[in-house]
Amino acid sequence: KVATGVSASTGTEFFVQLARNMTDALDAKAGFVSQLIPGEPAMGQTIAAVVDGHSVDNISYEINSTPCQNLLKADECIVPEKLAERFPHASTLAALGAQAYVGRRLVDSTGQTVGQLFVLFTSPLKETGFITSTLQIFAARAASELERQQADAQVREQAALLNATSDAIVLKNLDDGILFWNQGAEKIYGWTAAEAVGQKSLELLSADPARFNEGLSALKQSGQWLGEIKK
């Protein structure tokens, strides 16, 4: 279950698969993966919620007065028994009959907290070593995927801004293959993005090969190049 959960494909269903495999591996009543919502009071939004092996609707929740509050500063939180009694204001815990809680903070590559991952049990926990070590594996994979998806969303947002400008903006790899061709480039050069992406810019724009290679060499050596290439 651990191997399946952390090696599952990326995308929208990734977190649901991870939460389901996580609860199965730990024999838990429920498992949740959430991301933090900026602002005060501290809020979380589940991106995967599994109860009794079935996916349920995602919810937003106030973190204060719940065991998740401990994960705002600590990497791990364990409540081995009497969970509902210790957190009487967390109505969801009582509704699920939860007696124990184990959670991990989700941290990105810069050390910033991006979310939380936790499981609930209907019986008190006597031994937690296996649970905490296993949960750490799932948490590392969940944090990595959450960071990747947030980075992808940022790239799409930036691409939308690039499309809005009237200047021609072209993104290429070092083999001269066109990866991105904005609307400004469509208007200036006449090729649509569908026609241009995947093509070689040297061939598409009939640029001077010698000048092009000169600029490419400078780019590889110094990391940047500024100049003009004419047909």
Side-chain angles (χ1 to χ4, degrees), residues 5 12-147 149-150 153:
T12 306
E13 294 298 320
F14 168 81
F15 292 108
V16 175
Q17 294 180 39
L18 183 141
R20 183 176 291 115
N21 283 290
M22 176 178 67
T23 55
D24 285 349
L26 299 176
D27 196 23
K29 168 72 173 182
F32 302 86
V33 183
S34 68
Q35 57 184 348
L36 299 184
I37 301 175
E40 292 292 339
M43 297 287 295
Q45 170 71 51
T46 63
I47 52 180
V50 173
V51 178
D52 291 327
H54 300 287
S55 178
V56 298
D57 292 339
N58 287 312
I59 60 169
S60 58
Y61 60 96
E62 188 171 340
I63 294 177
N64 295 330
S65 300
T66 75
C68 293
Q69 183 176 2
N70 297 311
L71 297 178
L72 293 176
K73 295 182 179 180
D75 290 333
E76 182 178 84
C77 176
I78 304 173
V79 183
E81 60 181 355
K82 299 180 180 179
L83 180 63
E85 296 177 25
R86 293 182 58 179
F87 297 93
H89 299 294
S91 57
T92 301
L93 300 180
L96 292 174
Q99 292 293 318
Y101 167 104
V102 181
R104 291 284 308 184
R105 177 168 59 167
L106 302 183
V107 181
D108 65 15
S109 58
T110 66
Q112 296 295 313
T113 301
V114 293
Q116 301 175 335
L117 179 149
F118 53 95
V119 286
L120 303 176
F121 301 86
T122 54
S123 299
L125 299 176
K126 296 181 179 180
E127 298 291 338
T128 60
F130 172 76
I131 296 173
T132 55
S133 60
T134 303
L135 207 63
Q136 186 173 359
I137 299 173
F138 281 108
R141 182 66 182 89
S144 175
E145 176 63 14
L146 186 58
E147 183 176 14
Q149 291 189 10
Q150 290 175 344

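Val51 and Phe32 get closest at one heavy-atom pair: CG2-CZ, 4.4 Å. Pairing each heavy atom of Pro80 with each of Ile78, the nearest pair is CD-O, 3.7 Å. Pro41 and Asn64 get closest at one heavy-atom pair: CB-ND2, 4.0 Å. Smallest separation of non-hydrogen atoms from Ile37 and Ser60: CD1-CB, 4.3 Å. In terms of heavy atoms, Ala100 sits closest to Ser123 at CB-O, 3.7 Å. The minimum heavy-atom distance linking Pro67 with Cys77 is given by the pair O-SG, 3.7 Å.
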- Item | Leu72 and Thr113: CA distance, side-chain angles, deciding distance, side chain to side chain contact (heavy atoms under 4.5 Å, CB included) verdict | CA-CA 8 Å; Leu72 293 176; Thr113 301; 5.7 Å; no
- Message: Walk me through whether Val114 and Glu147 qualify under side chain to side chain contact (heavy atoms under 4.5 Å, CB included).
- Response: CA-CA 8 Å; Val114 293; Glu147 183 176 14; 6.0 Å; no
- Run the side chain to side chain contact (heavy atoms under 4.5 Å, CB included) check on Gln136 and Thr132 step by step: do they pass? CA-CA 6 Å; Gln136 186 173 359; Thr132 55; over 6 Å; no
- Might you work through the side chain to side chain contact (heavy atoms under 4.5 Å, CB included) test for Phe15 and Thr46, ending with a clear yes or no? CA-CA 10 Å; Phe15 292 108; Thr46 63; over 6 Å; no
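Rounding to the nearest 0.5 angstrom, the gap separating the CD1 atom in Ile131 from the CD atom in Glu76 is 10.5 Å. From Leu146, atom CG reaches atom CZ of Phe14 across 9.5 Å, with rounding to the nearest 0.5 Å. The distance from the NE2 atom of His54 to the CZ atom of Arg20 is 8.5 Å, given to the nearest 0.5 Å. Note that CZ of Arg86 is 13.5 Å distant from OG of Ser65, once rounded to the nearest 0.5 Å. Note that CG of Leu26 and CZ of Phe121 are 5.0 Å apart. Values are rounded to the nearest 0.5 Å. Within the model, atoms CD of Gln149 and CD of Gln35 stand 8.5 Å from one another, a figure rounded to the nearest 0.5 Å.
Proximity of a side-chain donor or acceptor of Ser144 to a complementary backbone N or O of Ala140 within less than 3.5 Å is not detected. For Gln116 (side chain) and Gly44 (main-chain N/O), no donor-acceptor pair under 3.5 Å exists by modelled atom type.
For Asp75, the salt bridge (charged side-chain N to carboxylate O under 4.0 Å, His left out) partners two or more places apart in sequence, or in a different chain, are Arg105. In this view, Asp27 satisfies the salt bridge (charged side-chain N to carboxylate O under 4.0 Å, His left out) rule with no residue, not counting sequence neighbours.
Counting heavy atoms from C-beta outward, Leu117 and Leu18 have side chains that approach closer than 4.5 Å. Two residues are said to be in side-chain contact when any heavy atoms from C-beta on lie closer than 4.5 Å; Leu71 and Ile63 fail this criterion.
Classified by interplanar angle (parallel below 30°, tilted 30° to 60°, perpendicular above 60°), the ring pair Tyr61/Phe118 is perpendicular.
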